[in-house]
K.L.:
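I'd like to ask you about the structure that follows.
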Amino acid sequence: MKEVQFELADNVLKAEDFIRLKVATGFIERPLQQVEMALKNGLFNVSAICDGKVVGMGRLVGDGAMYWYLQEIVVLPEYQGKGIGKSIVNRLIEYIKSTAIPGTIIDVGLTAVKGKEPFYEKFGFSIRSTGMGNLMEIQ
């Protein structure tokens, strides 16, 4: 496996990159205006950048206090298996822990693409009837 050099950038995700990544990984194409509004209304996003190109992304949505949801953890197929997705999820969880109210229990949820559940289980998520989730104690 060839090592890939990439960097993570917070809150720089552009709607055009979001759409490109989603379409490249088999999801439906959303209208630009809808994506722009979704990004504006989200809590936080992170982009994985390799050679000046966004090759992966992840977003947090929710109320920013009790409920947090990981959304659109997407890495271009040719960049998968190189630690990018893991870095994105770790950065999202790091943001949650640095922002949530200390001394509280929060609920972090996500919907995993079928077959990707083992990836999220490595981060402490487990399968629930409503998707995958993890109760996290904030120190």
Side-chain angles (χ1 to χ4, degrees):
M1 174 171 73
K2 183 183 172 207
E3 188 167 320
V4 172
Q5 297 294 318
F6 65 93
E7 63 179 348
L8 296 180
D10 297 344
N11 295 318
V12 299
L13 184 60
K14 292 182 175 70
E16 295 83 1
D17 288 322
F18 176 101
I19 293 167
R20 179 179 53 80
L21 290 171
K22 291 283 281 191
V23 170
T25 52
F27 293 95
I28 65 168
E29 184 171 347
R30 303 271 186 182
L32 183 66
Q33 183 180 6
Q34 183 184 38
V35 174
E36 287 172 341
M37 186 177 287
L39 292 174
K40 179 179 168 258
N41 292 337
L43 298 173
F44 179 79
N45 67 67
V46 62
S47 301
I49 302 168
C50 182
D51 296 326
K53 175 182 169 186
V54 177
V55 300
M57 66 177 177
R59 296 193 319 127
L60 283 174
V61 298
D63 62 22
M66 290 188 293
Y67 299 101
W68 305 75
Y69 294 90
L70 278 65
Q71 291 289 138
E72 281 97 29
I73 311 299
V74 176
V75 176
L76 290 175
E78 61 269 29
Y79 290 89
Q80 292 177 8
K82 300 178 186 315
I84 295 172
K86 178 181 178 182
S87 293
I88 290 170
V89 173
N90 280 332
R91 178 66 187 115
L92 295 174
I93 291 170
E94 176 185 300
Y95 178 83
I96 292 169
K97 289 180 176 179
S98 71
T99 307
I101 299 168
T104 62
I105 305 267
I106 62 168
D107 195 340
V108 183
L110 64 94
T111 302
V113 172
K114 190 166 178 62
K116 296 290 186 182
E117 297 90 351
F119 172 78
Y120 294 104
E121 288 171 347
K122 295 175 192 169
F123 298 95
F125 290 90
S126 57
I127 297 173
R128 300 176 174 174
S129 61
T130 56
M132 294 190 77
N134 183 7
L135 286 178
M136 200 176 288
E137 186 171 346
I138 303 300
Q139 303 297 322

K.L.:
Please determine whether a side-chain nitrogen of the Lys or Arg among Asp17 and Lys14 lies less than 4.0 Å from a carboxylate oxygen of the Asp or Glu.
P.N.:
no
K.L.:
Between Lys86 and Lys122, is there a side-chain heavy-atom distance shorter than 4.5 Å?
P.N.:
no
K.L.:
Could you report the tightest heavy-atom contact between Glu36 and Ala15, atom names first, then the distance?
P.N.:
CG-CB, 3.6 Å
K.L.:
Using modelled atom types only, decide if a donor and an acceptor are shared between the side chain of Glu117 and the backbone of Gly115 within a distance under 3.5 Å.
P.N.:
yes
K.L.:
Tell me whether Val23 shares a hydrophobic cluster with Leu76, the cluster being built from Ile, Leu, Val, Met, Phe, Trp, Tyr side chains joined at under 4.5 Å.
P.N.:
yes
K.L.:
What I want to find out is whether Lys97 reaches Glu94 closely enough, with some N-O distance under 4.0 Å, to be called a salt bridge.
P.N.:
no
K.L.:
Using a 4.5 Å cut-off on heavy atoms from C-beta on, say whether the side chain of Trp68 contacts that of Leu92.
P.N.:
no
K.L.:
Between Leu60 and Tyr69, is any pair of side-chain heavy atoms under 4.5 Å apart?
P.N.:
no
K.L.:
Is there a continuous path of hydrophobic side-chain contacts, each under 4.5 Å between heavy atoms, that joins Ile19 to Val113?
P.N.:
no
K.L.:
For Ile88 and Ala48, which heavy atoms make the closest approach, and how far apart are they?
P.N.:
CD1-CB, 4.1 Å
K.L.:
Measure across Thr25 and Pro77 and return the closest heavy-atom pair with its distance rounded to 0.1 Å.
P.N.:
CG2-CD, 3.8 Å
K.L.:
With side chain to side chain contact (heavy atoms under 4.5 Å, CB included) as the test, would you mind laying out the steps for Tyr67 and Ile106 before giving the verdict?
P.N.:
CA-CA 6 Å; Tyr67 299 101; Ile106 62 168; over 6 Å; no
K.L.:
Output the distance between atom NZ (Lys40) and atom CE (Met37), rounded to the nearest 0.5 Å.
P.N.:
6.5 Å
K.L.:
Taking Val12 as the starting point, is it possible to reach Leu8 by hopping between hydrophobic residues whose side chains are less than 4.5 Å apart?
P.N.:
no
K.L.:
Which pair of heavy atoms, one from Leu70 and one from Val108, lies closest together, and at what distance?
P.N.:
CD1-CG1, 3.4 Å
K.L.:
From Phe6 CZ over to Ser87 OG, what is the distance, rounded to the nearest 0.5 angstrom?
P.N.:
3.5 Å
K.L.:
Would you call Glu29-Lys22 a salt bridge at under 4.0 Å N-O?
P.N.:
no
K.L.:
Ignoring hydrogens and angles, tell me if any N or O in the side chain of Gln80 forms a donor-acceptor pair with the backbone of Val75 under 3.5 Å.
P.N.:
yes
K.L.:
About how many Å separate NZ of Lys116 and OG1 of Thr111, when rounded to the nearest 0.5 Å?
P.N.:
15.5 Å
K.L.:
Is it true that atom CG of Asp51 has more than 12 heavy atoms of other residues, nucleotides or ligands lying nearer than 6.0 Å?
P.N.:
no
K.L.:
Do Lys53 and Arg20 have side-chain heavy atoms sitting under 4.5 Å apart?
P.N.:
yes
K.L.:
Using side-chain heavy atoms (C-beta onward) and a distance below 4.5 Å, is Ile93 in contact with Met136?
P.N.:
yes
K.L.:
Answer whether the closest heavy-atom distance between the side chains of Glu72 and Leu21 falls below 4.5 Å.
P.N.:
no
K.L.:
Grab the two heavy atoms, one from Val61 and one from Gly42, that are nearest each other, plus how far apart they are.
P.N.:
CG1-CA, 4.3 Å
K.L.:
Does a sphere of radius 6.0 Å around CD in Glu78 hold more than 12 heavy atoms from other residues, nucleotides or ligands, not counting ones at 6.0 Å or beyond?
P.N.:
yes
K.L.:
Counting C-beta onward and ignoring hydrogens, is there a side-chain heavy-atom pair between Asn45 and Met57 closer than 4.5 Å?
P.N.:
no
K.L.:
Enter the distance from Ile138:CD1 to Ile96:CD1 here, rounded to the nearest 0.5 Å.
P.N.:
7.5 Å
K.L.:
In terms of the angle between their ring planes, are Phe123 and Phe119 parallel, tilted or perpendicular, with boundaries placed at 30° and 60°?
P.N.:
perpendicular
K.L.:
Check for me, please, whether Ile127 and Phe125 land in the same ILVMFWY cluster - side-chain distances under 4.5 Å, paths through other members count.
P.N.:
yes
K.L.:
Nearest 0.5 Å please: distance from the CG atom of Asp107 over to the CE atom of Met66.
P.N.:
10.0 Å
K.L.:
Please verify the inter-ring angle class for Phe44 with Tyr95; under 30° counts as parallel, over 60° as perpendicular, anything in between as tilted.
P.N.:
parallel
K.L.:
Would you compute the distance between atom CG of Leu110 and atom CG of Asn134 and round it to the nearest 0.5 angstrom?
P.N.:
9.0 Å
K.L.:
Given side chain to side chain contact (heavy atoms under 4.5 Å, CB included), test Thr104 with Ile101 step by step and report yes or no.
P.N.:
CA-CA 6 Å; Thr104 62; Ile101 299 168; 3.7 Å; yes
K.L.:
State, yes or no, whether a side-chain contact exists between Phe18 and Arg59 at a heavy-atom distance under 4.5 Å.
P.N.:
yes
